Amino acid sequence: MKKVEIKNYKNEKGQFMSANGAEFTVKEIIPHSDISTLHANFVEVQPGHFAYGYHWHEMNEEVFYVISGTAAVQLHDKEVTLKAGDAITFPTGPEGAHVIRNASATEKLVYLDFGSEHLPEICHMPKVNKVMVIGKTGMAIYDEAAK
């Protein structure tokens with residue numbers, strides 16, 4: 001972070017993202033160009049949709065804090081429901097696998113996604129047998145090697 005800033009998710013312009021069935025909007029709190037050791041984004045998910053897809057990280061821990069709406073979070077061993085004011089943590093490794101979806105039929109889900117940012121990062125996506133490698137200047141997705 002290069003300077004002190006105040007941001008409100010209602011006032012920030014976001015980037016709509018759509019991939020592999022996921023549809024969501026990301027509103028950067030810390031611009032990607034300023035990231036050094038942590039990331040923070042507001043994320044908005046419309047009813048019936050999910051963000052990012054089921055995955056887990058090798059290097060980085062994440063925290064989601066629900067601002068408004070109701071979320072269903074699929075974990076490695078169960079699904080949990082979150083409401084406004086709830087926070088959930090995801091450790092590194094397969095035990096921290098997760099995907100968040102909007103569990104409401106009518107209300108937008110808004111949450112804060114923040115966590116550590118250590119690069120390079122390896123992100124596993126077991127439901128699609130892919131692995132994403134993220135570096136300072138880009139990222140690539142590969143097929144996961146057979147075990």
Side-chain angles (χ1 to χ4, degrees), residues 1-76 78-128 130-142:
M1 235 178 321
K2 301 202 182 213
K3 61 185 174 182
V4 174
E5 291 189 59
I6 298 172
K7 294 188 177 183
N8 184 297
Y9 77 91
K10 294 177 183 176
N11 301 328
E12 295 300 310
K13 292 186 178 180
Q15 178 182 358
F16 178 75
M17 303 180 85
S18 177
N20 299 319
E23 290 188 5
F24 55 102
T25 300
V26 175
K27 297 180 174 186
E28 288 185 332
I29 297 173
I30 303 170
H32 194 71
S33 59
D34 290 353
I35 290 175
S36 59
T37 59
L38 64 92
H39 75 269
N41 295 306
F42 297 118
V43 181
E44 297 178 342
V45 185
Q46 296 298 327
H49 293 282
F50 62 94
Y52 297 104
Y54 187 74
H55 66 283
W56 59 272
H57 300 270
E58 291 270 350
M59 296 290 298
N60 294 306
E61 299 162 319
E62 276 186 292
V63 177
F64 293 169
Y65 174 79
V66 178
I67 297 169
S68 64
T70 304
V73 181
Q74 180 63 53
L75 304 173
H76 78 285
K78 62 184 173 183
E79 184 172 277
V80 296
T81 301
L82 306 176
K83 62 187 180 318
D86 289 339
I88 187 168
T89 60
F90 306 104
T92 60
E95 299 79 19
H98 60 278
V99 64
I100 187 168
R101 70 176 170 82
N102 187 334
S104 172
T106 58
E107 186 180 6
K108 177 171 52 178
L109 168 65
V110 179
Y111 69 96
L112 173 62
D113 173 356
F114 62 100
S116 58
E117 191 72 24
H118 304 291
L119 298 176
E121 165 68 301
I122 298 171
C123 181
H124 297 265
M125 300 174 281
K127 291 191 177 185
V128 294
K130 302 282 184 189
V131 63
M132 182 180 348
V133 179
I134 305 163
K136 288 188 179 198
T137 59
M139 61 82 105
I141 297 175
Y142 303 96

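The figures that follow rest on heavy atoms only: side chains count, while hydrogens, waters and symmetry mates do not. Computed from a predicted structure; not experimentally measured. One is the number of the first residue; the rest follow in order along the sequence.
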*Within-4.5 Å side-chain heavy-atom neighbours: Arg101 and Glu79*: yes
Original post:
What do the steps show when you test Met17 against Val26 for side chain to side chain contact (heavy atoms under 4.5 Å, CB included), and what is the final call?
Top reply: CA-CA 7 Å; Met17 303 180 85; Val26 175; 3.5 Å; yes
Ile141 and Met125 have their tightest heavy-atom pair at CG2-CE, 4.0 Å
- Query: Does some side-chain heavy atom of Thr25 sit less than 4.5 Å from a side-chain heavy atom of Tyr9?
  - Reply: no
Intermediate values then yes/no, ring pair (Phe, Tyr, Trp, His ring centres under 6.0 Å), Phe90 and Phe64:
CA-CA 8 Å; Phe90 306 104; Phe64 293 169; 4.8 Å; yes
So NE2 of His118 and OG1 of Thr37: to nearest 0.5 Å the spacing works out to 7.0 Å
Is the shortest side-chain heavy-atom distance between Glu62 and His39 below 4.5 Å? yes
Check: Under 6.0 Å from the NZ atom of Lys7, do we count more than 12 heavy atoms belonging to anything else shown?
Finding: yes
Taking Glu12's backbone N and O only, do any of them form a donor-acceptor pair with Lys27's side chain (distance below 3.5 Å, no angle check)? yes
Taking side chain as C-beta onward, heavy atoms only, is Glu28 less than 4.5 Å from Asn41? yes
What one should report as the nearest heavy-atom pair of Ala51 and Val99 is O-CG2, 3.7 Å
Rounded to the nearest 0.5 Å, the NZ atom of Lys10 sits from the CD atom of Glu44 at a distance of 10.5 Å
Checklist entry - Between Phe42 and Ile67, is any pair of side-chain heavy atoms under 4.5 Å apart? => result yes
Note: Ala84 and Ser68 closest approach over all heavy atoms is CB-CA, 4.1 Å
Residues Ser116 and Met59: closest non-hydrogen pair is OG-O, 4.2 Å
Notebook entry, point to check: Does the side chain of His57 come within less than 4.5 Å of Glu121's, by heavy atoms?
Noted result: yes
Distance col, row Phe24:CZ vs Phe16:CZ, nearest 0.5 angstrom, shows 8.5 Å
With a 4.5 Å cut-off on side-chain heavy atoms, are Pro47 and Thr106 touching? no
Backbone of Trp56 reached by a side-chain donor or acceptor of His124 within 3.5 Å: no
Output for pair (Phe114 CZ, Leu38 CG), nearest 0.5 Å, gives 9.5 Å
Exercise. Looking at side-chain heavy atoms only, is the closest gap between Ile100 and Val43 below 4.5 Å?
Worked result: no
dist Asp113:CG -> Tyr65:OH (nearest 0.5 Å) comes out at 14.5 Å
Has Asn102 got a side-chain atom pairing as donor or acceptor with Val45's backbone, closer than 3.5 angstrom?
yes
Can you tell me if His98 and His55 form a side-chain donor-acceptor pair at under 3.5 Å? yes
Only one of Val80, Val66, Val63 passes side chain to side chain contact (heavy atoms under 4.5 Å, CB included) with Ile88, and that residue is Val80
When rounded to the nearest 0.5 Å, the distance separating CG of Asp86 from OG1 of Thr81 is 9.5 Å
